[in-house]
Amino acid sequence: MSSTRRQWLSRCFAMAALPEVLAAQEHAHAAAAAAPAPRFERLDADMAAGIEAIAAQIIPSTGGPGAREAGVIYFIDRALATFAADEYEAYRAGMEQLQRKRTELFPGSTSIASLTSEQQIALVHTIQASDFFELLRTHTVLGYLGDPSYGGNRGKAGWRQIGFED
């Protein structure tokens with residue numbers, strides 16, 4: 001009989017606490033949604049969108065979070081504002097070349113980010129042997145697998161994908 005009473009009291013307590021739990025969860029979701037998005041330090045929004053689209057083709061979101069979900073673009077931006085500041089010109093020139101190639105291959109398109117995944121892959125194939133692509137690929141992998149304090153690997157997504165425990 002006492003076990004039934006305990007179960008009944010537990011259920012009553014859980015039901016009484018349910019509104020507070022739901023309110024706390026709602027507050028947490030609202031706070032997360034209200035948190036400001038990270039700002040770019042070096043890249044403008046258009047260049048960042050193009051770089052992010054290509055990075056998402058390098059590490060796609062198939063079978064788990066990819067470069068986009070891991071916030072690799074924020075790692076690249078921070079790198080170009082700090083330790084890799086001397087590589088900003090390579091990014092600027094590489095993205096200009098990529099934009100020209102995009103216009104040539106897909107005349108009606110407006111940006112790299114607006115291309116379909118298949119079109120982005122076709123565009124990447126045109127530069128895959130370039131120094132710029134190698135630089136972008138290196139930064140993408142570093143941003144995906146590096147310490148989150150450097151701006152990428154959001155939520156330790158890259159580490160979870162490879163089974164690394166912090």
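Note that the numbering runs from 1 along the sequence shown for the chain.
The two residues Ala53 and Arg68 make their nearest non-hydrogen contact at CA-NH2, 3.7 Å. Of all the heavy atoms in Gln120 and Ala113, the pair that sits closest is NE2-O, 3.6 Å. Contact record, Ile112 with Gly50: CG2-O, 4.0 Å, taken as the closest heavy-atom pair. Nearest heavy atoms, Thr140 versus Ala67: CG2-CB, 4.1 Å. Here the closest non-hydrogen pair linking Ala157 and Tyr144 is O-OH, 4.1 Å.
Side-chain contact of Ser61 with Glu69: a donor-acceptor pair under 3.5 Å is present, judged by distance alone. Counted by atom type alone, Arg100 and Gln97 present zero donor-acceptor pairs between their side chains at under 3.5 Å.
Heavy-atom contacts from other residues, nucleotides or ligands closer than 6.0 Å to CG of Asp131 number 12 or fewer.
A heavy-atom distance below 4.5 Å is not found between the side chains of Arg154 and Pro148. Inter-residue side-chain proximity for Leu115 and Leu123 is flagged as met; some heavy-atom pair is nearer than 4.5 Å. With a 4.5 Å cut-off on side-chain heavy atoms, Ile58 and Phe133 count as touching. You'll find the side chain of Ile51 reaches within 4.5 Å of the side chain of Leu136, heavy atoms only. Looking at heavy atoms from C-beta onward, Leu80 lies in side-chain contact with Glu87 at the 4.5 angstrom threshold. Phe164 places none of its side-chain heavy atoms less than 4.5 Å from the side chain of Leu145. Counting heavy atoms from C-beta outward, Gln161 and Pro65 have side chains that approach closer than 4.5 Å. A 4.5 Å side-chain heavy-atom check between Arg102 and Gln119 finds every atom pair outside the cut-off.
Ring to ring, Tyr150 and Tyr74 are not that close: their centroids are 6.0 angstrom or more apart.
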Could you give the side-chain donor-acceptor pairs of residues 41-49 under 3.5 Å, partners two or more places apart or in another chain?
residue	atom	partner	partner atom	Å
Asp44	OD1	Asp46	N	3.1
Asp44	OD1	Met47	N	2.7

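From Arg78, atom CZ reaches atom NE2 of His139 across 14.0 Å, with rounding to the nearest 0.5 Å. A distance of 12.0 Å separates OG in Ser111 from CZ in Phe106, rounded to the nearest 0.5 Å. Remark: Ile54 CD1 to Arg137 CZ distance equals 13.0 Å, nearest 0.5 Å.
Taking a cutoff of 4.0 Å between a charged side-chain nitrogen and a carboxylate oxygen, Glu96 and Arg92 qualify as a salt bridge.
Using bins of under 30°, 30° to 60° and over 60° for the plane-to-plane angle, the ring pair Tyr91/Phe132 lands in the perpendicular bin.
Put simply, Met95 and Leu105 are part of the same group of oily side chains (I, L, V, M, F, W, Y) that touch within less than 4.5 Å, one to the next.
With sequence neighbours left out, Thr126 forms a side chain to side chain donor-acceptor pair (under 3.5 Å) with no residue at all.
Side chain of Asn153 to backbone of Gly146: a donor-acceptor contact under 3.5 angstrom is found.
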